[in-house]
2 protein chains.
Amino acid sequence: MLKEERHNFILEELRTKNKVLTYSLSQVLSVSEDTIRRDLKELADLGQIKKVHGGAVAHSLNPFHYKDREVYALEEKIAIAEKAKNLIQPQQVVFMDGGTTNLELVKRLPSDLKATIITNSIPVATHLTDHPLIEIVFLGGKVLKSAQVTIGAEVVSAISNIRADKCILGTRSIHHQIGISEIDWEETMVKRAMLAASNEVACLVIADKIGTSQPYIIADIKQVSQMVTTLSRKNPILKPFIQAGVEIIS
Amino acid sequence: MLKEERHNFILEELRTKNKVLTYSLSQVLSVSEDTIRRDLKELADLGQIKKVHGGAVAHSLNPFHYKDREVYALEEKIAIAEKAKNLIQPQQVVFMDGGTTNLELVKRLPSDLKATIITNSIPVATHLTDHPLIEIVFLGGKVLKSAQVTIGAEVVSAISNIRADKCILGTRSIHHQIGISEIDWEETMVKRAMLAASNEVACLVIADKIGTSQPYIIADIKQVSQMVTTLSRKNPILKPFIQAGVEIIS
DNA sequence: ATATTTTGTGCATGTTTGTGCATTTTTATT
DNA sequence: AATAAAAATGCACAAACATGCACAAAATAT
């Protein structure tokens with residue numbers, strides 16, 4: 001059995017049972033306790049579990065930590081997701097598109113939040129199936145494999161039949177004059193539709209992307225209600241956005 | 001044997017088994033371990049696999065693996081999935097609903113199969129995003145969390161706008177007089193719609209469920225084209241189904 | 001057709017990694 | 001404080017690995 005397999009086994013065990021014992025694992029996996037201890041240490045160093053005397057416990061209540069691939073600026077995305085948690089109020093109906101930041105956000109939604117989330121992202125929907133209260137509506141259509149989202153006319157038309165309180169967009173580029181923009185045409189169409197069908201628009205955007213632009217424009221900056229960023233509210237870069245009426249959440 | 005062939009073999013092996021060992025591969029492919037190591041390194045450099053001590057593992061380890069352990073009759077379902085692999089012919093458009101058996105089937109689809117799969121199951125769609133050629137269409141709607149499928153009028157209406165070559169149903173109950181039946185009303189409606197929109201209907205069914213019935217009837221047995229089972233074709237239990245014109249695949 | 005380069009493979013080598021055991025240190029509990 | 005369980009540390013050994021090299025097959029050039 002490969003070390004990798006043991007690690008996965010331990011993570012799965014933790015996911016379901018929330019704790020593991022060094023001794024029992026050594027029995028089940030037929031290796032010495034030392035080996036298990038080393039495994040647990042490695043996983044703990046990676047932040048995947050929390051090592052305790054006698055074994056380990058799940059680091060957080062949220063599962064699905066391990067399948068994350070390497071993501072650009074993941075730390076910052078997580079920080080943004082944390083700040084964005086309060087954007088979704090009880091009983092609201094909210095659009096969410098794909099992207100890592102939104103994925104981190106859904107992982108962190110409090111388990112007592114009752115709301116409806118409408119999404120075209122397969123990972124977002126998958127994670128939400130573990131949430132006890134949130135109602136999920138999935139926007140069907142042709143699947144864009146690389147991004148694990150649905151796209152196309154069907155999605156756009158389904159969106160146009162809905163009116164939502166809010167729309168939370170993982171944003172690739174934002175610029176105080178150009179507005180928010182995307183690199184993929186199909187995704188642009190979907191985001192535009194979501195935006196048009198919502199009362200409020202929140203953009204989750206990492207610092208690098210502020211002041212940049214992409215070929216396809218989704219909307220003017222005036223249409224953005226909130227912008228969630230790790231930058232401080234008084235950072236001069238944000239000034240033009242504030243003047244344009246965007247509320248900064250940081 | 002060409003290097004290319006070995007690489008394909010390794011990837012295929014990884015798709016189904018999720019791990020490969022350097023030693024076993026060297027035995028099966030009759031080359032030295034060094035060669036295998038070089039193969040694995042190349043594939044790892046291309047980002048196709050994850051190299052570990054002793055072999056390699058799939059880069060995106062199956063996110064739903066943890067549920068597999070608790071699945072009823074998983075062995076048999078895998079066996080059925082293996083037999084059902086050939087049901088999907090190149091270029092066909094196929095409906096697939098949720099359920100573990102179908103999930104096992106999509107895990108095993110050969111990577112050179114080019115087809116379109118239309119599904120309402122989130123796990124099925126997730127798995128297929130790793131497949132190089134298959135086009136995925138997702139049927140949007142309200143998500144039934146427990147089964148990780150979409151249901152409701154939206155799904156049914158989307159299905160009715162499609163005409164498919166085939167429909168592959170994970171079947172809870174089949175009876176030669178009652179037909180195929182389900183326990184959940186919403187899922188019944190979806191399956192009925194899929195069935196009505198397809199030229200052929202294949203039912204994947206484990207032995208226990210042959211001759212049983214559930215409250216909601218999906219269709220008459222005459223509408224079933226193929227039935228995939230682990231039972232032998234000449235098993236007397238299957239006789240009434242054969243007489244009703246069902247082709248037995250075993 | 002012949003010569004030259006490139007590619008793939010296996011083998012010998014030294015190196016790294018993973019594991020178990022023995023010993024000492026730390027921790028939790030009474 | 002006493003004690004037993006768990007963890008850290010150092011060590012040994014085997015398995016897996018990387019590297020350089022030789023050689024053959026294939027591709028390319030002459």
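A note on names: the letters A, B, ... follow the listed sequences, proteins ahead of strands, and every chain is numbered from 1.
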Exercise for the section: Give the rounded distance in Å between these two atoms: CG of A:Asp45 and P of D:dA7. Expected result: 14 Å

Handout entry: Donor on one side chain, acceptor on other, B:Thr22 and B:Glu33, under 3.5 Å
Key = no

Exercise for the section: Answer yes if the side chains of B:Asn102 and B:Asp97 hold a donor-acceptor pair under 3.5 Å, and no otherwise. Expected result: yes

Problem - A:Thr116: partners by side chain to side chain contact (heavy atoms under 4.5 Å, CB included), with sequence neighbours left out - result: A:Val93, A:Ile118, A:Glu135, A:Val137

Handout entry: Length of the line joining A:Asp39:CG and C:dG20:C1', which is rounded to integer Å
Key = 13 Å

Handout entry: Those residues that, when tested against A:Glu187, pass side chain to side chain donor-acceptor pair (under 3.5 Å) (two or more places apart)
Key = none

Practice task
Check side chain to side chain donor-acceptor pair (under 3.5 Å) between B:Asn235 and all other residues, then give those that pass, not counting sequence neighbours.
Solution key: none

Handout entry: Those residues that, when tested against B:Glu5, pass side chain to side chain contact (heavy atoms under 4.5 Å, CB included) (two or more places apart)
Key = B:Met1, B:Leu2

Fill in the blank from the handout: Overall bend of the helix from C:dA1-D:dT30 to C:dT30-D:dA1 (five pairs an end, 10° steps) is 50°

Completion exercise
Sorted by chain and residue number, the salt bridge (Lys or Arg N to Asp or Glu O under 4.0 Å) partners of A:Lys114 (sequence neighbours excluded) come out as none

Look for any protein N or O under 3.5 Å of an N or O in nucleotides 3-6 of chain D and output each such pair with its distance, or none.
from	atom 1	to	atom 2	distance (Å)
D:dA6	O3'	A:Gly54	N	3.0

Handout entry: Interatomic distance where NZ belongs to B:Lys19 and P belongs to D:dA16 [whole Å]
Key = 12 Å

Exercise for the section: Find the distance A:Met1:CE to C:dT19:P and express it as a whole number of Å. Expected result: 11 Å

Problem - For B:Asp34, all residues meeting side chain to side chain contact (heavy atoms under 4.5 Å, CB included), sequence neighbours excluded - result: B:Ser32, B:Arg37, B:Arg38

Could I get a table of every N or O pair under 3.5 Å where one atom is in the protein and the other is in nucleotides 19-25 of chain D?
none

Completion exercise
Residues passing the side chain to side chain contact (heavy atoms under 4.5 Å, CB included) test with B:Glu200, sequence neighbours excluded, are B:Lys166, B:Ser225, B:Gln226

Completion exercise
With sequence neighbours left out, the residues meeting side chain to side chain donor-acceptor pair (under 3.5 Å) with A:Gln89 are none

Practice task
For C:dT9, take OP1 and OP2 only and decide whether either is under 4.0 Å from a side-chain N or O of B:Ser32.
Solution key: no

Practice task
Using atom CG of B:Leu21 as one end and atom C1' of C:dG18 as the other, report the distance to the nearest whole Å.
Solution key: 15 Å

Handout entry: 5' precedence on DNA chain C between A:Arg6 and B:Val31 (nearest-nucleotide basis)
Key = B:Val31

Completion exercise
In whole angstroms, the gap separating P of D:dA7 from CG of A:Leu40 amounts to 8 Å

Exercise for the section: Could I get the full list of side chain to side chain donor-acceptor pair (under 3.5 Å) partners for B:Ser24, not counting sequence neighbours? Expected result: none

Practice task
Would you mind reading off the distance between B:Leu2 atom CG and C:dT7 atom P, rounded to a whole angstrom?
Solution key: 16 Å

Exercise for the section: To the nearest Å, give me how far apart CD (A:Glu42) and C1' (D:dA7) are. Expected result: 16 Å

